Engineer: 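Starting off with a structure, shown below.
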Amino acid sequence: MATQFDILRRQAEGAARNAANRAQGELRRQTSLVGQASRWAGKTMRQGEEVLREQAAGYGRRKTKGPGRTKAAAAPPPRPAPDGYVRRSPVQPLHVAADYRRQQIRRLVTIVVVAAAVCVGLYLLSRLGLFGR
């Protein structure tokens, strides 16, 4: 029959064996060449993803030299609500880019030119008989 002390001794020996095995496994994992290569590859991937994320954040944005100049536009006059209430609280002025109108006109002209080119292309293709009858 096992005494209480034998049971405690076996539990202590088992705990010591488990701790030694854990330490040995941790040391094996830390000194593993495959583990080091995996950590380096993971670190390189994270750094590469950060670089790509930074580049993608700036992609498609207009290339400007710092913040552009803006001008304050006049706030629209207060309109009464359907129940007759007129808001009299101060309204923060609206700031627009200095070349906003020029950009809008340029976009509009580009859209009109592209639409005209498509129409002319379709007309010429129909004259050549490519759409069939």
Side-chain angles (χ1 to χ4, degrees):
M1 282 231 126
T3 65
Q4 191 74 16
F5 289 118
D6 291 335
I7 294 172
L8 288 175
R9 182 180 47 84
R10 278 190 239 133
Q11 286 178 347
E13 288 172 355
R17 262 193 316 271
N18 288 341
N21 288 339
R22 250 191 320 274
Q24 184 182 16
E26 184 64 30
L27 179 65
R28 203 177 306 125
R29 277 188 292 278
Q30 288 177 354
T31 58
S32 167
L33 292 177
V34 173
Q36 285 181 353
S38 175
R39 283 191 295 276
W40 288 340
K43 183 178 177 182
T44 304
M45 288 295 289
R46 279 191 302 277
Q47 289 174 345
E49 287 172 356
E50 288 174 10
V51 169
L52 284 175
R53 201 173 302 119
E54 289 171 3
Q55 289 176 351
Y59 181 74
R61 291 188 184 163
R62 240 175 28 144
K63 306 293 186 226
T64 59
K65 298 176 185 173
R69 294 188 328 212
T70 62
K71 59 182 177 180
R79 293 180 296 180
D83 62 354
Y85 175 76
V86 178
R87 180 176 179 227
R88 302 222 184 268
S89 61
V91 178
Q92 186 174 5
L94 176 68
H95 286 270
V96 295
D99 60 344
Y100 177 73
R101 298 271 186 238
R102 185 177 303 140
Q103 289 176 6
Q104 293 297 80
I105 291 172
R106 189 179 312 139
R107 286 183 186 144
L108 181 65
V109 167
T110 303
I111 290 170
V112 168
V113 167
V114 168
V118 168
C119 289
V120 167
L122 289 174
Y123 174 75
L124 291 175
L125 290 175
S126 69
R127 294 290 289 173
L128 291 173
L130 293 178
F131 290 124
R133 289 189 172 168

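Everything quoted here is computed from the prediction, not taken from an experiment.
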Engineer: To the nearest 0.5 Å, how far apart are CZ in R17 and CZ in R10?
Structural biologist: 10.5 Å

Engineer: What distance do R46 atom CZ and E50 atom CD have between them, rounded to the nearest 0.5 Å?
Structural biologist: 8.5 Å

Engineer: Looking only at side chains, do R107 and Q104 share a donor and an acceptor under 3.5 Å apart?
Structural biologist: yes

Engineer: With a 4.5 Å cut-off on side-chain heavy-atom distances among I, L, V, M, F, W and Y, is there a chain of contacts connecting V120 to Y123?
Structural biologist: yes

Engineer: Is there a chain of hydrophobic side chains (I, L, V, M, F, W, Y, each step under 4.5 Å between heavy atoms) that links L122 to L128?
Structural biologist: yes

Engineer: Which distance, rounded to the nearest 0.5 Å, do you find between the CD of E26 and the OG1 of T31?
Structural biologist: 10.0 Å

Engineer: What is the distance from atom CG of D6 to atom CD of Q11, rounded to the nearest 0.5 Å?
Structural biologist: 11.5 Å

Engineer: Just verifying a value: how many Å separate L124 CG and L130 CG, rounded to the nearest 0.5 Å?
Structural biologist: 10.5 Å

Engineer: Does some side-chain heavy atom of L27 sit less than 4.5 Å from a side-chain heavy atom of Q24?
Structural biologist: no

Engineer: Counting C-beta onward and ignoring hydrogens, is there a side-chain heavy-atom pair between L52 and E49 closer than 4.5 Å?
Structural biologist: no

Engineer: Which pair of heavy atoms, one from Q30 and one from R39, lies closest together, and at what distance?
Structural biologist: O-NH2, 3.5 Å

Engineer: Would you say the side-chain atoms of T110 pair up with the backbone N or O of R106, donor to acceptor, closer than 3.5 Å?
Structural biologist: yes

